[in-house]
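Since we're looking at a predicted model, the values are computed, not measured.
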Amino acid sequence: MNSKTNITKDFYWYFIGTALPMLVLFFRSPIYTRIFSPELFGKYSLIYIAFTYISALSYQSITNNAWRYYNKYKKLTQLNLYMQVIVSLYILIVITLFAGCSIWFMLTKDEMSRVLIFWGFFFALTNELFNTLNVPCRIEGYSKKYNLINSGRAVFSFALLLILTFIFDYTIEAFFISQVIANLLFVIPVLGNLPRINNRLKNSELKAHIFRFIKYGSANLLFNIGLFLLISSDRFVIAFIWGNEKVGIYNQTYNIAQMTIVAVFTVFNSVINPMLLEKLDTRPSTSNAFLVKLLTFSIVLFLPLTILLTQFSKEIVYVLLGEDFREAWNILPYIFFSSLIYGITYFSEVKLKFQNQLKILFRASLFCALINISLNLIFVSKLGYKSAAYTTLISYFILMVILYRKSELKVFKHIDPKLIYKLIAVLGGLLLIDNYLLKAFLDFNIIIEATIRITIFLGIYALFTVKEIRGFIKVFNGS
């Protein structure tokens, strides 16, 4: 890993590397929610989520192991061994997944679903290949290279999607096809920088390391199962009670958070991950205060953004989604805050992973997933599919409380109470100004009005918090 990490420089590159893919989603969503029906989006969403579960059970275990063990093998000058283990695991999973998806394909009667399963298999295979092979690049701090490749992949995939749908008349399966081709094409620049496989080990020697990865991956797999059940089980409950059409509407509304709150957390975590992993690996005794600083910094940065987005929920949905998808605009504030809570839970999660407390993670995620499923079964049938957003927010909050207690991160010990009071006062004042002054008296075109309100909100907030933000950046650049 590079000895010095410049958080400001890395932020710019990860911002570009995340902004372009998110910009693609901003263009893609209003185009295709005006072309494809909620019913079709519902089928695609359920199969996409199913492959998310499959990836959690298979491919993501490889990527998680890559993040967990790359530095250890590098320190032991055993990167040759590291690559042999990664390749062996990948081949094993491809064979297993092919068998499972073949059975799923043959048992499915709906023709469109069969097409989506076929291409979804190749999407899962190529997507995790791209993610795993990019782990060394990201850990080594090559933010510029990784983000140029990732941005190019997103733009190319979107261009190919437009060609497939508007020239060759493909339907929603083009979402998978375009990503498969882009994954294969843009993994090529990464291959040249990977550790070489020389001096192949005997099978008996290699097996011991494979089982080490499988042991960690299996424990992590259980956590992933609970987590993905928590994140997406509501779609299956909605499908069971209300049908695919409501799933399509709910999922596309939920995806707006992926373009906004989740996107900024992706940038932030990508920037801080190299130094965070190094600290957890080499200086675990001092990691608590550092993790709480990261938590505090993320709240200072992203809480105002979340509040601001909730103020424009209806306008955002009307811009990004077609008319058939707009009825769920009023659940967006709950979705934004769910994403914020999920984002700040990351710091407790990563500490527990490095302490090998994966049983705690699994039990907590499964417990909250069961709470969420139970609440959904009760309220979605009685109050409608929109209530799934409320139950998810409750479940995420419970998960956050459990993980921070179990990780023993003394949040209130390390956070200055004055900062908390300051944030409450500033954000409370800004909400009053926006709702009872700007929103009430501005009478312009919606774009001009939104621009004025956003500029005033962020400008005043930045003025009051610039000292804290600069202080955090100095700390992280010097860490």
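- Counting heavy atoms from C-beta outward, Val24 and Ser157 have side chains that stay 4.5 Å or more apart.
- Here the shortest heavy-atom pairing between Asn372 and Leu230 reads ND2-O, 3.1 Å.
- Note that CG of Leu308 is 11.0 Å distant from OG1 of Thr260, once rounded to the nearest 0.5 Å.
- Classification of the Tyr70-Tyr82 ring pair by plane angle, with boundaries at 30° and 60°, yields perpendicular.
- For Arg153 and Phe130, the positive end sits near the middle of the six-membered ring, less than 6.0 Å away and at most 45° from its axis.
- Thr165 has its side chain out of reach of Ile31: every pair of non-hydrogen atoms, C-beta onward, lies at least 4.5 Å apart.
- Atom CD1 of Ile371 sits about 12.0 Å away from atom CG of Asn376, to the nearest 0.5 Å.
- Side-chain contact between Ile256 and Ile335 is absent, with no heavy atoms from C-beta onward closer than 4.5 Å.
- Among Leu403, Leu295, Thr296, the single residue meeting the side-chain contact (heavy atoms from CB on, under 4.5 Å) criterion with Phe347 is Leu295.
- Relative ring orientation between Phe268 and Phe297 is described as perpendicular, the plane-to-plane angle rising above 60° on a 0-90° scale split at 30° and 60°.
- The distance from the CD1 atom of Ile172 to the CD1 atom of Ile177 is 11.5 Å, given to the nearest 0.5 Å.
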- Could you walk me through whether Phe175 and Tyr32 pass the ring pair (Phe, Tyr, Trp, His ring centres under 6.0 Å) check? CA-CA 10 Å; Phe175 284 8; Tyr32 287 99; 5.4 Å; yes
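- Residue Ile402 is tested with Met400, Arg405, Lys406 for a side-chain contact (heavy atoms from CB on, under 4.5 Å); the sole match is Lys406.
- Around atom CZ of Phe367, no more than 12 heavy atoms belonging to other residues, nucleotides or ligands sit under 6.0 Å away.
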- Message: I'd like to know whether Leu276 forms a side-chain contact (heavy atoms from CB on, under 4.5 Å) with Leu291, so could you lay out the CA-CA distance, the side-chain angles of the two residues, the decisive distance to 0.1 Å, and finally the verdict.
- Response: CA-CA 8 Å; Leu276 174 58; Leu291 283 164; 3.5 Å; yes
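- Listed here is the closest heavy atom pair of Leu332 and Thr253: CD1-O, 3.6 Å.
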- Item | Check against side-chain contact (heavy atoms from CB on, under 4.5 Å), Phe166 and Ile35 | CA-CA 11 Å; Phe166 288 102; Ile35 296 173; 3.3 Å; yes
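- Side-chain atoms of Lys43 never come within 3.5 Å of backbone atoms of Ser113 as a donor-acceptor pair (strictly under, hydrogens ignored).
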- When you look at Phe51 and Trp119, which way does the ring pair (Phe, Tyr, Trp, His ring centres under 6.0 Å) test go after all the steps? CA-CA 11 Å; Phe51 275 105; Trp119 286 109; over 10 Å; no
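- Within a 6.0 Å sphere centred on OH of Tyr170, heavy atoms belonging to other residues, nucleotides or ligands number 12 at most.
- Tyr90 places a side-chain N or O within donor-acceptor distance of the main-chain N or O of Leu125, the cut-off being under 3.5 Å.
- A donor-acceptor pair is defined here as one N or O able to donate and one able to accept, closer than 3.5 Å; such a pair exists between the side chain of Asn183 and the backbone of Gln179.
- Here the straight-line distance linking atom CZ of Phe176 with atom CD1 of Ile117 works out to 9.5 Å at 0.5 Å rounding.
- Counting only heavy atoms from C-beta outward, the side chains of Thr392 and Tyr254 approach each other to under 4.5 Å.
- Other residues, nucleotides and ligands place no more than 12 heavy atoms under 6.0 Å from the CZ atom of Phe98.
- Residues Leu320 and Met259 have side chains in contact (heavy-atom distance under 4.5 Å, counting atoms from C-beta outward).
- Across Ser178 and Leu164, no two heavy atoms sit closer than the pair N-CD1, 4.1 Å.
- At most 12 heavy atoms of other shown residues, nucleotides or ligands fall within 6.0 angstrom of atom CZ in Arg363.
- With hydrogens and angles disregarded, a donor-acceptor distance shorter than 3.5 Å links the side chain of Thr391 to the backbone of Ala388.
- Under the 6.0 Å distance and 45° angle rule, Arg114 counts as a cation-pi partner of Phe105.
- Residue-environment remark: CZ (Phe397) stays at or below the threshold of 12 foreign heavy atoms within 6.0 Å.
- A distance of 9.5 Å separates CG of Leu97 from CH2 of Trp104, quoted to the nearest 0.5 Å.
- Here the options are Tyr346, Phe336, Phe265, the test is ring-ring contact (aromatic ring centres under 6.0 Å, His included), and the partner is Phe302; only Phe265 passes.
- For Tyr44, the OH atom is densely surrounded, since the number of other residues' heavy atoms within 6.0 Å is greater than 12.
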- How far apart are the C-alpha atoms of Asp234 and Tyr250, what are their side-chain angles, what is the distance that settles it, and do they pass the side-chain hydrogen bond (donor to acceptor under 3.5 Å, both in side chains) test? CA-CA 10 Å; Asp234 51 5; Tyr250 180 84; 2.9 Å; yes
- Stepwise, does the side-chain contact (heavy atoms from CB on, under 4.5 Å) test hold for Tyr342 with Val262? CA-CA 9 Å; Tyr342 180 70; Val262 175; 5.8 Å; no
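- Within the 4.5 Å cutoff, the side chain of Ile261 has no heavy atoms near those of the Phe337 side chain.
- Nearest heavy atom pair, residue Ser348 against residue Ser407, reads CB-OG, 3.6 Å.
- At least one side-chain heavy atom of Pro189 sits under 4.5 Å from a side-chain heavy atom of Ile149.
- If you take CG on Leu89 and CD on Gln84, they are separated by 12.0 Å, rounding to the nearest 0.5 Å.
- Taking the six-membered ring where the residue is Trp, Phe118 and Phe122 present perpendicular rings, their angle passing 60° and hence far from 30°.
- In the model, Thr171 has a side-chain atom that pairs as donor or acceptor with a side-chain atom of Glu173 under 3.5 Å.
- Listed for the Ser29 side chain is no donor-acceptor partner under 3.5 Å among the backbone atoms of Leu25.
- Proximity of Phe41 to Asn244: side-chain heavy atoms (C-beta onward) are nowhere separated by under 4.5 Å.
- Judged by distance alone, the side chain of Ser365 and the main-chain N or O of Phe362 form a donor-acceptor pair under 3.5 Å.
- Contact between Ala257 and Ser339 at its shortest, heavy atoms only, is CB-OG, 3.3 Å.
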- Item | Pair Leu361-Leu358, side-chain contact (heavy atoms from CB on, under 4.5 Å): steps then yes or no | CA-CA 5 Å; Leu361 288 170; Leu358 296 174; 3.7 Å; yes
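- Tyr48 meets the side-chain hydrogen bond (donor to acceptor under 3.5 Å, both in side chains) test with no other residue; sequence neighbours excluded.
- With ring centers used as reference points, Phe240 lies 6.0 Å or more from Phe236.
- The two residues Val247 and Arg235 make their nearest non-hydrogen contact at CG2-O, 3.4 Å.
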